[in-house]
Amino acid sequence: MSLLVQLALTFGLLSILAVGGGTSVLPEMQSLLAQQFDIAQTEFVRIYSIGQVAPGPNMLMVLIIGFKVAGLIGAGVVSLAFFLPSSILCFYAGRLWSHFAQNPWRRTVQNALEPISIGLMSSGVYAVAKASIVNPMTLVLALCTVYFILRTKINPVFVILGSGLAFYLFSRFLMPS
Amino acid sequence: MSTDNQTEGKASVSLHDLFLQFLIIGSVSFGGGIIAYERILLIDKRKWLSPDEFMGYLAISQTMPGLNSVNLAVLAGDHLRGFWGAVSASLGLILPGSLFVLLIGIAYTNNNDHPLANLFLTGIAAGACGLLAAITYRIGDQHWRHLKSVIIIAFTFGLMSIAKLSLPLVLLIMAPISIYLYRPNP
């Protein structure tokens with residue numbers, strides 16, 4: 001039982017600290033997990049990469065950790081602890097935002113935040129690019145994707161699956177090693 | 001509790017559809033770039049938010065703790081159908097990946113090497129990167145054309161990605177500067 005409480009407290013704390021997304025608390029998460037639940041770094045990295053390929057928000061990997069520590073119930077506890085606190089905070093921030101809908105300063109604040117927001121997204125693209133653009137072919141695929149998304153009406157899901165297929169075909173048949 | 005602009009004309013959004021649409025996003029977003037899918041859903045596909053409303057919620061999602069994509073789902077869901085909308089949207093987003101992650105996590109406890117899958121996934125990751133880049137460009141819209149906003153974008157990017165400062169610190173530095181630059185003229 002105390003294991004579940006530990007899980008809840010650890011991930012609840014990480015939830016509140018994760019300003020700017022899960023990646024900001026990754027180092028903290030890793031050391032907490034090593035300390036409290038004996039999860040080695042290699043294990044952590046492996047779990048992280050599973051989370052990266054999974055659909056949906058990239059921090060769903062924390063469920064695996066919960067499962068490893070305390071089975072399905074652990075996974076459940078972790079999902080509640082990791083997603084609920086920040087979601088509740090955000091919910092009320094949204095309500096506060098609506099409350100000030102008519103206030104002219106809200107317009108100013110939004111105008112000011114917009115370029116910052118775009119800058120943050122650009123940072124995100126850069127971070128993702130560092131991890132995913134590993135050779136010339138991946139760069140070509142990324143650029144092609146940009147083209148297809150911006151200039152055509154093809155469903156993005158198909159574009160991305162196509163990118164996966166293209167790389168597979170390219171690697172298997174055009175670049176034997 | 002809900003203000004007028006939250007409830008007018010939005011009652012036509014069913015919780016079921018809200019849940020389903022986010023479930024779809026939660027299921028197909030391999031490789032990442034969820035914010036891109038959310039924008040496409042909210043603005044293009046269902047027209048539930050105007051680009052301006054989206055930007056406001058995006059900014060809140062980024063500044064508040066928690067995953068940006070989940071925060072966005074909470075905010076959009078609340079905007080459309082209040083508390084239960086927020087629950088439906090965020091649950092839909094999280095459910096598919098949760099199942100996936102548990103199944104894969106259980107199945108591949110020790111063995112990680114699947115070269116075929118890795119090739120496919122590498123291509124997908126590259127594609128997702130392109131998607132995110134494309135949508136960021138689209139979100140930027142007019143901001144890319146004005147020196148004032150480009151400078152702020154560049155500085156924010158620089159502080160985050162090059163100086164690698166923490167987000168709270170970056171906001172502490174950039175927000176006052178930006179608010180000053182965008183202050184209403186007396």
Side-chain angles (χ1 to χ4, degrees), chain A residues 16 18-22 24 46 50 53-61 63-64 67 75 83 86-87 89-91 93-94 97-98 101 108 110-123 125-126 128-129 132 138 141-142 145-146 149-150 156-157 159-160 163-164 166-168 171, chain B residues 3 5-6 26-30 32 55-56 58-60 62 64-71 74-75 78 86 90 96-98 100-102 104-105 112 119-134 136 140 143 149 152-153 156-157 160-161 167-168 174 178-179 182 184:
Chain A
I16 306 281
V19 181
S24 56
R46 195 187 64 86
I50 294 179
V53 305
N58 67 348
M59 280 290 138
L60 284 174
M61 66 171 221
L63 267 69
I64 301 182
F67 180 80
F83 290 107
S86 52
S87 299
L89 271 178
C90 186
F91 180 82
W97 182 252
S98 291
T108 301
Q110 184 170 330
N111 290 343
L113 285 181
E114 279 183 14
I116 296 179
S117 185
I118 299 166
L120 293 178
M121 285 218 59
S122 305
S123 275
V125 173
Y126 180 73
V128 170
S132 58
T138 44
L141 287 175
T145 306
V146 173
I149 300 289
L150 289 180
V157 180
V159 178
I160 292 192
S163 182
F167 191 79
Y168 169 75
S171 303
Chain B
T3 60
N5 65 353
Q6 276 184 327
S27 313
V28 301
S29 49
F30 286 93
M55 282 306 279
L58 178 64
I60 299 176
Q62 292 169 318
M64 296 302 292
L67 304 185
N68 295 353
S69 53
V70 175
N71 286 347
V74 166
L75 293 170
D78 184 33
S90 40
S98 302
F100 180 98
V101 132
L102 284 176
I104 299 288
N112 198 27
L119 290 179
F120 194 62
L121 293 171
T122 303
I124 285 192
C129 179
L131 173 64
L132 204 57
T136 300
H143 290 96
S149 39
I152 296 178
I153 295 175
T156 306
F157 176 83
M160 278 296 291
S161 294
L167 179 59
M174 294 306 301
S178 194
I179 290 179
Y182 281 96

- Query: If you count heavy-atom pairs under 4.5 Å between each of A:Val128, A:Val159, A:Leu113 and chain B, which one has the most?
  - Reply: A:Val128
- Are side-chain heavy atoms of B:Met160 and B:Leu167 found at a separation under 4.5 Å? yes
- Hey, does A:Phe83 have a side-chain heavy atom less than 4.5 Å from the side chain of A:Leu60? yes
- Item | Heavy-atom side-chain contact between B:Phe120 and A:Phe167 under 4.5 Å | no
- Query: Considering only heavy atoms from C-beta outward, does the side chain of A:Pro115 approach that of B:Ser178 to under 4.5 Å?
  - Reply: yes
- Under a 4.5 Å heavy-atom cutoff, which of A:Thr108, A:Thr138, A:Leu141 has the most pairs with chain B? A:Thr108
- Item | Contacting moiety of B:Leu67, where chain A heavy atoms sit under 4.5 Å | both
- Query: Where on B:Ala86 is there a heavy atom nearer than 4.5 Å to chain A: the side chain, the backbone, both, or neither?
  - Reply: side chain
- Task: Identify which part of B:Phe100 has an atom lying under 4.5 Å from any heavy atom of chain A, answering side chain, backbone, both or neither.
- Result: side chain
- Query: Which one, A:Ala166, A:Pro156, A:Ala129, A:Ser132, leads in non-hydrogen pairs under 4.5 Å with chain B?
  - Reply: A:Ser132
- Item | Test item: B:Val101 and B:Ser98 side chains (from C-beta on) under 4.5 Å apart, heavy atoms | no
- Tell me, out of B:Ser27, B:Pro96, B:Pro168, B:Gly130, who's got the most heavy-atom pairs with chain A below 4.5 Å. B:Gly130
- Message: With chain A as the partner, which of B:Ile152, B:Ile153, B:Thr136, B:Leu102 has the greatest number of non-hydrogen pairs under 4.5 Å?
- Response: B:Ile153
- Task: Using a 4.5 Å cut-off on heavy atoms from C-beta on, say whether the side chain of B:Asn71 contacts that of B:Ile60.
- Result: no
- Item | A:Gln110, part contacting chain B, at a heavy-atom distance under 4.5 Å | side chain
- Query: Does any heavy atom of chain A fall under 4.5 Å from the side chain of B:Ile124, the backbone, both, or neither of them?
  - Reply: both
- Contact part of A:Phe67 toward chain B, heavy-atom cut-off under 4.5 Å: side chain, backbone, both or neither? side chain
- Any side-chain heavy-atom pair of A:Met121 and B:Leu58 under 4.5 Å: yes
- Item | Within-4.5 Å side-chain heavy-atom neighbours: B:Gln62 and B:Asn68 | yes
- Message: If we define contacts as heavy-atom pairs under 4.5 Å, which of A:Ser86, A:Ser122, A:Cys90, A:Ala54 has the most with chain B?
- Response: A:Cys90
